[in-house]
Structures are given as structure tokens and as C-alpha cells.
Protein chains: 2
Amino acid sequence: MMKTPEKLFFTALGNDYRYRILTLLMKKPMSVNALAEKLGIEQSNLSHHLKCLLDCRFVEADVKGRTRIYRLSPATKELVGSTKKYINYYGGYLKKCGMLS
Amino acid sequence: MMKTPEKLFFTALGNDYRYRILTLLMKKPMSVNALAEKLGIEQSNLSHHLKCLLDCRFVEADVKGRTRIYRLSPATKELVGSTKKYINYYGGYLKKCGMLS
DNA sequence: TCAACATATGAATTGTTAATCATATATATT
DNA sequence: AATATATATGATTAACAATTCATATGTTGA
């Protein structure tokens with residue numbers, strides 16, 4: 001069904017866990033375990049989301065012993081900073097939209 | 001179930017019709033009919049999307065006789081311009097993400 | 001005021017995305 | 001080599017978002 005880049009982009013960022021992963025990694029790189037604790041999410045679910053973010057190059061990872069440390073890819077830092085501004089601006093209106101709620 | 005502003009924001013923009021409406025309105029204001037023609041979409045479906053964009057203040061409208069002319073709200077011009085840049089950058093990677101496709 | 005046109009709305013259906021569950025892989029430790 | 005630990009993967013199920021369909025509203029012109 002060949003989705004558009006626009007659709008893929010907003011769908012990727014439009015999941016709360018994925019977006020929270022990005023904001024957590026803004027602060028510092030983290031292992032899967034550490035992320036799972038912070039998010040209160042099941043390990044396998046988290047792994048699925050991390051794979052998605054990795055495929056999309058929103059994050060990078062390197063192997064450290066048997067753990068994997070995830071970090072934001074450079075371009076993503078700017079992206080997250082920029083979107084935060086808009087979310088703040090539109091936030092109040094968005095919650096009044098019946099179609100989305 | 002109280003969704004987050006982040007989720008609402010990306011869901012609002014993550015529908016192809018809604019995003020295309022915004023890019024069409026970047027060029028010039030348009031009536032519902034004109035938009036429906038450009039998009040090849042059913043009128044009632046389009047109206048639902050326009051209501052959403054209106055509720056979220058991505059667009060504004062004014063009544064002109066029995067038609068309604070929609071236009072981008074000022075802040076949205078900047079938003080669309082800014083996101084276009086990121087979509088262009090990540091586009092190539094996004095389509096390789098199995099979870100999204 | 002009646003017909004037609006332009007747009008909007010609500011409810012039901014269909015389609016898409018995410019979570020779960022079971023299991024696999026890879027590395028380190030004993 | 002066997003076990004424990006950390007993470008990944010695939011398939012199924014559950015949750016959510018978008019479309020359709022039927023109908024409503026509001027405005028203009030005959």
C-alpha cells in the first residue's frame with residue numbers, strides 16, 4: 001500500500017512511548033533496561049519501538065557487553081527541540097478536537 | 001482516556017489528507033469544493049478533516065456567501081515549512097522501517 | 001417559499017497501529 | 001559447557017483512527 005514519507009514520519013513520532021524514548025535520550029544515552037524502568041513498559045514492547053526508531057535513524061545504538069546503549073542521532077536532537085515548541089503552542093487547541101480524542 | 005498533546009499533535013498531522021490540505025493551503029486559500037477536487041476525496045470525509053484542522057487551529061475559515069474559504073493560520077505556515085525539511089531528511093530511512101509499513 | 005447548492009454532523013463500518021505472548025539469539029559468568 | 005542475563009523477533013490479538021453512509025443545516029436565487 002506504499003505509505004507517504006509524511007505519514008511514516010508522523011506515525012513514527014506519534015506514539016507516546018517512542019516520543020518519550022526520544023525525550024529521555026535527549027538527556028543522556030541509556031540501556032534498554034534503564035529505558036524500560038523509566039517508561040514502565042514491557043521489555044518486548046520496548047524492543048519493538050527501539051527497532052522502529054533505529055530503522056528510522058532517530059536513534060543509534062552500540063553494544064556494551066551484553067547490554068545495548070541507545071542514544072539520539074545528531075539530527076534528532078534538533079528535531080525534538082523544534083517540535084516541542086509547536087506542541088506547546090498547539091497543545092491547548094488539540095485537546096478540543098473531537099475527531100482526535 | 002486523556003491523550004497527550006504529543007500524541008494529538010502527531011496524529012493530527014499524520015493523516016495524508018490533512019497534511020495535503022495544509023500544503024495546498026500554503027499556496028492559497030480555497031473553498032471546500034476546490035479542495036475536494038484537488039484531493040479527489042468525498043465531501044463529507046473532507047469536512048470531517050477540515051473540522052479537525054479547524055478545532056486544532058491549524059486552519060481558519062471565513063464564510064463567503066454559501067461557500068467557506070479555508071486558509072492556513074499564521075503559525076501553521078512556519079510549522080509546515082519546518083516539518084518539510086525533516087521529512088525530506090528522514091524520508092529515505094522511514095520507508096525501511098518494518099513496524100510502520 | 002421552494003428548490004438547489006455548499007458544507008457539516010453522527011453513527012456504523014472498515015482499516016491501521018500497537019500490545020502481548022511465546023520464543024529466539026547473543027554474551028557473560030560459573 | 002551450562003546457566004543466567006540482556007535484548008530481539010514474529011505472529012496473534014486488542015485498541016484506535018479514518019472512511020462511509022445517511023441525513024442535517026444554512027444560504028442563495030427563481
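A note on names: the letters A, B, ... follow the listed sequences, proteins ahead of strands, and every chain is numbered from 1.
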Taking only N and O in the side chain of [X], is any of them less than 4.0 Å away from OP1 or OP2 of [N]?
| X | N | answer |
| --- | --- | --- |
| A:Lys3 | C:dT17 | yes |
| B:Arg68 | D:dT27 | no |
| B:His49 | D:dT19 | yes |
| B:Tyr70 | C:dA8 | yes |
| A:Asn45 | C:dC21 | no |

Note, B:Phe58 side chain near B:Leu13 side chain (heavy atom, < 4.5 Å): yes
N/O donor-acceptor pair, side chain A:Gln43 with base D:dA8, under 3.5 angstrom: yes
C:dC21 base / A:Ser44 side chain donor-acceptor hit below 3.5 Å: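 For A:Ser44, whose side chain was compared with the base of C:dC21, there is a donor-acceptor pair (under 3.5 Å).
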Comparing B:Leu54 and B:Lys7 on DNA chain C - which has the more 5′ nearest nucleotide: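 Final value for this comparison: B:Leu54.
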Check the interface with nucleotides 27-30 of chain C: list each N/O to N/O pair with the protein under 3.5 Å, or write none.
none

Near-parallel close stack of B:His48 and C:dT9 base (under 5.5 Å, under 30°):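 Stack criterion met.
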Donor + acceptor pair across side chains of B:Tyr86, A:Thr83 (<3.5 Å):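 No, no side-chain donor-acceptor pair sits under 3.5 Å.
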NZ/B:Lys85: more than 12 non-hydrogen atoms of other groups inside 6.0 Å: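 Yes.
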With B:Arg66 via side-chain contact (heavy atoms from CB on, under 4.5 Å) - residues at least two apart: none
Side-chain donor-acceptor contacts of residues 87-101 of chain B below 3.5 Å, not counting sequence neighbours, with atom names and distances?
unit_1   : atom_1 : unit_2  : atom_2 : d
B:Tyr90  : OH     : A:Thr76 : N      : 3.1
B:Tyr90  : OH     : A:Thr76 : OG1    : 2.8
B:Ser101 : OG     : B:Cys97 : O      : 2.9

Heavy-atom closest contact (B:Val32 atom, B:Leu46 atom, distance): O-CD2, 3.3 Å
